[in-house]
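To keep things clear, I will list the structure first and then write my remarks on it.
Naming: A, B, ... by sequence-line order, numbering from 1 per chain. Keep in mind that the numbers below use all heavy atoms, side chains included, and drop hydrogens, waters and symmetry copies.
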Number of protein chains: 2
Amino acid sequence: MQAPLFDPDKPRDRLLAAAARLFRRQGYAATTVREIGAEVGILSGSLFHHVRSKEEMLFAVMERVIAAMLADLRAELSRAEGGEARLRALIAVELTYLHGPAADATAVLFHEWRALSADRQAVLLDGRGAYFALWDQVLAEAGGAMDPAVLRQFLHGALAWTSFWYRPGGALDLDGLTAQALALVQGAALPLR
Amino acid sequence: MQAPLFDPDKPRDRLLAAAARLFRRQGYAATTVREIGAEVGILSGSLFHHVRSKEEMLFAVMERVIAAMLADLRAELSRAEGGEARLRALIAVELTYLHGPAADATAVLFHEWRALSADRQAVLLDGRGAYFALWDQVLAEAGGAMDPAVLRQFLHGALAWTSFWYRPGGALDLDGLTAQALALVQGAALPLR
DNA sequence: AAGACAACCAAGCGCTTGCTTGGGGTGTCG
DNA sequence: CGACACCCCAAGCAAGCGCTTGGTTGTCTT
């Protein structure tokens, strides 16, 4: 994890952080620009001094997460040696984003994708593609019997879903959760038949 | 799978089926009652002859899926003999609902939960609880090393996420997908360390 | 034949939505 | 001191929202 996604000193960033928080809690469509304004202490009209439209906020939030996740995953993978370490890096980066300081923005990226217009989805597709290409590479290296693409979808789904039930600070910390996910994919979930 | 969730002969059921379709495609908040009316060929006002409010449609859709899934899972489990068969039943029922005739309603249940008011969420909690109690029971019987609650969340997340990428009719059919999920949870994803 | 009922239309109500406009206060820098 | 961004408010617009109203059809029952 490098620099935080949003700089509290920049008004526009404070706005985006607030938008991410509300988009996550209520969903994009159910969140009004008046609520976002209130969250940072300005009126809804003043909000458009920093941003061209409501959707631009959604786009900006997603754009930043994608770029940051991709950079972080690349850094972690270049540092990791051995198949298990690389696999752990995959999971750790995803879970760190989902439950660390960037939790709101990451949850929005994963769960509000369809709220974004098709044009803007297309702009972000390159970044998403590069990110998952790294996944496929690591999973293929691991050389399991399962189709890497299917395994990637299963794993990504299982991790993305944690944002609905897992809360850090409980009995299970982030490292523990990472270990559990690693165990799942390494085949330690249930005893072999 | 017993009787279909919605009876095409009943106008109210046709409405609910259309609502489920649109809620799934666009999300609950982003769907208007005018669109739902148009989907069945009536005006938006006439819609309220069958239903008290827009949210009642969401509730009705979810209620039916929960009841049907619970009944089907109970039936399948009572028919299954042995740990692996019971495990497969868990996965098969979930995937059948997610990608069979009830796909729209099931996706809505899984992905639009927070759009439902807290009061109505509470009404449905019993059914959800009973359903997942069966999961925990089967997973505990399987006797793996992983915490059954965490494993349940991982598995449920991985399966629920299939509604974003899996489409029946391709190279991988539903039985194949079920087998892959079973393999994941049985530890055949990657070779052991 | 008459009544009852379900199903729908046409019109529109009150309210909220995303966004625009015009203007004013505050600080920085030449 | 004046100029110039920057940031924000006050007010409001057009469009769309969920939902209500009063009334018209066609079908079925008695």
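What separates CG of D13(B) from C1' of dA6(C) is a distance of 15 Å, to the nearest Å. Between the P atom of dT20(C) and the CZ atom of F48(A) lies a distance of 7 Å, rounded to the nearest Å. Taking atom NZ of K54(A) as the reference point, atom P of dT17(C) lies 9 Å away to the nearest angstrom. One atom, CG of D9(B), and another, P of dA7(C), lie 12 Å apart when rounded to the nearest Å. Rounded to whole angstrom, the span from the CZ atom of R14(B) across to the P atom of dA6(C) amounts to 16 Å.
Contacts with DNA chain C (heavy atom under 4.0 Å) in residues 28-47 of chain A: T31(A), T32(A), V33(A), R34(A), S44(A), G45(A), listed by number.
Between the side chain of R86(A) and the backbone N or O of V138(A) there is no donor-acceptor pair closer than 3.5 Å.
You'll find the side chain of E94(B) reaches within 4.5 Å of the side chain of F110(B), heavy atoms only. Side-chain contact between H50(B) and L16(B) is absent, with no heavy-atom pair separated by less than 4.5 Å. The shortest distance between side-chain heavy atoms of F59(A) and L124(A) falls below 4.5 Å. Between R12(A) and V51(A) the shortest side-chain heavy-atom distance falls below 4.5 Å. Contact of the R24(B) side chain with the H111(B) side chain is not registered, since no non-hydrogen atoms from C-beta on lie closer than 4.5 Å.
Between H99(B) and Y166(B), the ring-plane angle classifies as perpendicular under the 30° and 60° cut-offs. Between W135(A) and Y131(A), the ring planes are tilted. Angles from 30° to 60° get that label.
The footprint of chain B on DNA chain D, defined by a heavy-atom cutoff below 4.0 Å, extends from dC17(D) to dT20(D).
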